[in-house]
Amino acid sequence: MDFVSIEKKWNEKWEKDNLYKFDENKLDKKYYLLEMFSYPSGLNLHLGHWWNFGLSDSFGRFKRMQGYNLFQPMGFDSFGLPAENYALKTGIHPEDSTLRNIATMEKQLRNIGGTFNWDYEVVTCKPEYYKWTQWLFVQLFKKGLAYQKQAPVNWCPSCNTVIANEQVVEGLCERCGNEVIKKNMTQWFFKITDYAERLLSGLDQIDWPQKTKILQKNWIGKSIGCEVDFKTEDKKHTLTVFTSRVDTIYGVSWLVIAPEHPLLPKLVTKEHKTEVDAYIKEAAKKDEIARSSTENVKTGVFTGTYVVNPLNGAKVPVYVADYVIASYATGIVMGVAAHDTRDFDFAKVYKTPVVQVIEGKNGEKVDLPFTDYGRLINSAEFTGLSSEEAKEKIADKLEKLGAGRRKTNYKLRDWSVSRQRYWGCPIPIIHCPYCGAVAVPEKDLPVILPKIHDYKPEGEGPLGKVDSYMNVKCPKCGADARRDPDTLDAFVCSSFYQLRYPDAHNSKEIFDSKKINKICPIDTYVGGVEHATAHLLYSRFITMFLHDIGKVDFDEPFKRLVHQGMVLDPKTNKKMSKRNGGKTADDYVNEFGSDALRLHMMFSMNYIDGGPWYDDGLKHMKAFMERIERIVLSWAKLGNENSTLNGSEESELEYARAFCIKEMTSSFEIFSFNTAIARLMELVNAMYKYDKVERKNEVLAKSVMLDVIKLIAPATPHFAEELWQLIGMPYSVHNQLYPVCDESKLKKAEIEIAVQVNSKIITRLSVPTDSTNEKVLALVKLDSKVKNALLGKSIVKEIVVPGRIVNIIVK
RNA sequence: GCUGGUGUGGCGGAACGGCAGACGCACAGGACUUAAAAUCCUGAGAGGGCAACUUCGUGUGGGUUCAAGUCCCACCACCAGCACCA
């Protein structure tokens, strides 16, 4: 069979027939399968695309043949830095290059022979899509969840622009390698922190890989503790600290305030001003990234101020040190050297005291015995109170005193969405000198991104230079006003695309809720783990928000998540993108056909783990397909003779088929493609074995043969279709139902068990499958080897695991 | 440093606490062929033995169990994420 030429033929026919059409009238058995969409790079599809789209498409085909009404749309994440950088590199306007690249990639993705529903395509850089990105922004703005504030951003002095966190690699700009600095700028933020608790608790309800849940959990970083108010000696100022170890409060030896803390200038005494100012200046030079990458050498200076411990009245010095982060919790921490390694490091350098006092059961103070510096003390040993109990007691006491309160903090920060870039969704805000930031009225959406040619990033939104775009009237008061010059982070565009797909061409609203509630949430979402704390978190947040404003009736977008592993370059063991030893994906397709490529990818690696690419297997997969072809074509000629009924060869073949169907089905379900194909190979081997039987049951042989074609159809769609046609079956194999396992055929009359004496295997015996444990033991004891082993010994214990093992313990 | 994950033949990789190495590659032998390729069949973890057989084997060291690749403890190596989060 010429695998290459049949592919073109079938792709064209399937497309012409719209074979994989999603039926909107049959939503009771829908299956929404989605792969993370990609940005249109303009390059040829590489092996990673095949790995991602090809294999999950096979999963989709499997669901489809199980009778599901499959919805598997496709689109392009076409705004944002990758597209813009490509444009800057080539000098072609991003709009032109992006649209051209989309056309190229669309064509190639069609060549994969996937079941993608192109009728529902979304392209995030098109006004009919980004109208709804802007609409979403406006809704968030109306609810106070989109707001502006001044915040430090990553600034690359060489590229003269702000860059995203993801583009800062070890403190350097990913593109030019120059050092990135922090710069304060007014930015738009989404208040994702309001959803911290729901984003955390929602993880319990979804079928996601454990590691991804843990990544998100750590990213959200919930910390339960207390705020404690320390007043200055003159009672003019209150310094509030956050601690998760309020039980150690009697051991507080000092307080540390972050250099950027607004209260700091008021605390510094005259004598210490010069020293503190110098320290602040020094700290400002280093941004948070630089600070965290330096060794754990603690630096800091005394401010000259003392505060009072609200619980025991102790006088506590206040230091300023840059190991405290201004933006987390209150920006002030208490120093308890005996219970915290960071505090201990600080104590070593500054010779601050290490006090170890703790409150006992009846409120008495217990001096803990002296231990090595930095060793955390288990106070429960000395007080009879667990740390948790002690925390509760002290929290109660603080609340009674009015000097503190229980408090939960999160590491999660609000989502910075402004980009000083051209190629993005314009922010639908008008800044009015009288009314402030005003949302563009919904009837005026979308705010069209003007096609300009001077879009080089220079630190401010390039749109700011376009007066025809910028100058508008305030929608509220009619005064002269200016648009926001920035664009939105592309992650905003991709945060709701999965909900837009089923109603992709709705021009009246973001989507029709009734329809979306029937088709969404996504049954299975396939994509890389690298999006764990960005896209996958943002999408959950936005879905929860849309739920809260009544647009959807669910609040988790992806019921099940599967991460495909990475195909690695065999030489570097890094992610492989374009080619391997000069060969592109296209080369493989042209030489072996896309079916062989898919099959090789399925069989040679574990989909979840990925691994280094090697191409030896391609020719073997082609050979395997030809092995199938030979037996199928030879059995196609068989008549309808029932020459034998239920002979042992027949039951073996029946068993092989039933086992294969059962195992393939469960393997496909969990994306374990390699074992699924292994089981299919076993069935094909069994067919060859049966082929040697002289007087075959031709009816049985034929039905097994048909099942094999159906079973392989999801993995090699073109090949299966061609075989189906060659044996004269009516088009199309992809409209057949996936074979269902006949459980009754899985019962064998006899089953081999291992026989152990003292846990050591003595022999293997066949016993009737239905025998009781007693019968099995009796049979086993008749065996001469077993008799020998038991000779002169007394039996202590007998263990029978039905169908598996017999273990006789003797003395 | 913290948090996860991984570690199995020459290779890719299988194994609900129950016969380790499924399936495949590479390898060896056989059939077919003038021959090669392709195909079909058979063999095979490693060591020892002509053989029946036997010893050792899932990163290392302990433990639990009738039984451990699988569970527990400690350690090593690699990969990933977070990185002074109080």
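Order of the sequence lines fixes the chain letters, A, B, ..., with proteins taken first and strands second; residue numbering starts at 1 for each chain.
- Residue pairs meeting the salt bridge (Lys or Arg N to Asp or Glu O under 4.0 Å) criterion with at least one partner in residues 751-765 of chain A, sequence neighbours excluded, are absent.
- In this structure, CD1 of A:Ile677 is placed 12 Å from P of B:G24, rounded to the nearest angstrom.
- Using a 4.0 Å heavy-atom cutoff across all strands shown, A:Ala623 reaches sugar-phosphate atoms only and no base atom.
- Residues satisfying the salt bridge (charged side-chain N to carboxylate O under 4.0 Å, His left out) criterion with A:Arg405, sequence neighbours excluded, are A:Glu227, A:Asp229.
- Straight-line distance between the C1' atoms of B:C56 and B:G1: roughly 40 Å, to the nearest whole Å.
- Summarising the geometry, the separation between OH on A:Tyr410 and C1' on B:A86 is reported as 17 Å, rounded to the nearest angstrom.
- A distance of 11.5 Å separates CG of A:Leu199 from CG of A:Leu536, quoted to the nearest 0.5 Å.
- Taking 4.5 Å as the limit, every side-chain heavy atom of A:Trp50 sits out of range of all side-chain heavy atoms of A:Tyr588.
- Nearest-nucleotide mapping onto RNA chain B: of A:Arg630 and A:Thr533, the residue sitting toward the 5' end is A:Arg630.
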For nucleotides 52-58 of chain B, list the nitrogen or oxygen atoms of the protein found under 3.5 Å from its nitrogen or oxygen atoms, one pair per line.
none

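- With C1' as the reference atom, B:G7 and B:U58 are 9 Å apart, rounded to whole Å.
- With both ends at atom P, the span from B:C2 to B:U70 equals 25 Å, rounded to whole Å.
- The separation between A:Asp616 atom CG and B:C25 atom P is 11 Å, rounded to whole Å.
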Protein-nucleotides 27-32 of chain B N/O pairs under 3.5 Å:
none

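- In this structure, A:Lys619 places its NZ atom 13 Å from C1' of B:A37, rounding to the nearest Å.
- Atom pair A:Leu599:CG and B:C25:C1' shows a separation of 14 Å (rounding to whole Å applied).
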One character per nucleotide, please: for nucleotides 9-22 of chain B, 5' to 3', B when the base has a protein heavy atom closer than 4.0 Å, S when only the sugar-phosphate does, - otherwise.
---BSS-B-BB--B
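- The salt bridge (charged side-chain N to carboxylate O under 4.0 Å, His left out) test applied to A:Lys689 returns A:Glu652, not counting sequence neighbours.
- A distance of about 27 Å separates the C1' atoms of B:G5 and B:U65, rounded to the whole Å.
- Remark: A:Asp204 does not engage A:Lys213 in a salt bridge, criterion side-chain N to carboxylate O under 4.0 Å.
- Side-chain N/O atoms of A:Lys692 and base N/O atoms of B:C41 include no donor-acceptor pair closer than 3.5 Å.
- One C1' atom belongs to B:C19, the other to B:C66, and the distance between them is 15 Å to the nearest Å.
- By the salt bridge (charged side-chain N to carboxylate O under 4.0 Å, His left out) test, A:Lys211 pairs with no residue at all, sequence neighbours left out.
- With A:Tyr323 as the partner, the side-chain hydrogen bond (donor to acceptor under 3.5 Å, both in side chains) test is satisfied by one option alone out of A:Thr299, A:Asp345, A:Asp343: A:Asp343.
- Crowding of A:Met566 atom CE: a count of heavy atoms from other residues, nucleotides or ligands under 6.0 Å not exceeding 12.
- Among the nucleotides B:C23, B:A86, B:G81, the one closest to any side-chain atom of A:Asn685 is B:C23.
- Both A:Lys211 and A:Tyr328 lie close to RNA chain B; mapped to their nearest nucleotides by heavy-atom distance, the more 5′-ward contact belongs to A:Lys211.
- Comparing the same atom, C1', in B:C82 and in B:C73 gives a spacing of 26 Å after rounding to whole Å.
- One atom, CD of A:Glu629, and another, C1' of B:U39, lie 13 Å apart when rounded to the nearest Å.
- One atom, CG of A:Leu683, and another, C1' of B:G24, lie 16 Å apart when rounded to the nearest Å.
- Ion pairing between A:Arg406 and A:Glu392 holds under the 4.0 Å rule for side-chain N and carboxylate O.
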What does the 5'-to-3' dot-bracket notation of RNA chain B look like when only Watson-Crick and G-U wobble pairs under 3.5 Å count, and pairs to other strands show as |?
(((((((..(((.....[....))).(((((.......))))).((((....))))..(((((..]....))))))))))))....
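- Evaluation of the salt bridge (Lys or Arg N to Asp or Glu O under 4.0 Å) test over residues 795-811 of chain A, restricted to residues two or more places apart or in two chains, returns A:Lys781-A:Glu798.
- What separates CG of A:Asp691 from C1' of B:C41 is a distance of 13 Å, to the nearest Å.
- Anti is the conformation of B:G47, whose glycosidic angle sits further than 90° from 0.
- Put simply, A:Tyr688 has a side-chain N or O that comes within less than 4.0 Å of OP1 or OP2 on B:C40.
- Between A:Trp208 and A:His563, the distance separating the two ring centers is not shorter than 6.0 angstrom.
- With sequence neighbours excluded, the residues that form a ring pair (Phe, Tyr, Trp, His ring centres under 6.0 Å) with A:Tyr607 are A:Trp51, A:Phe671, A:Phe673.
- Applying side chain to side chain contact (heavy atoms under 4.5 Å, CB included) to A:Ser771 and the options A:Leu777, A:Val776, A:Ile751 leaves one that passes, A:Val776.
- When the P atom is compared between B:C11 and B:G18, the two are found 26 Å apart, to the nearest whole Å.
- For the ring pair (Phe, Tyr, Trp, His ring centres under 6.0 Å) test, residues two or more places apart in sequence or in another chain that qualify with A:Tyr195 are A:Phe541.
- For the C1' atom pair drawn from B:U39 and B:C50, the interatomic distance equals 35 Å after rounding to whole Å.
- Under the rule for a ring pair (Phe, Tyr, Trp, His ring centres under 6.0 Å), A:Phe230 has no partner lying at least two apart in sequence or in another chain.
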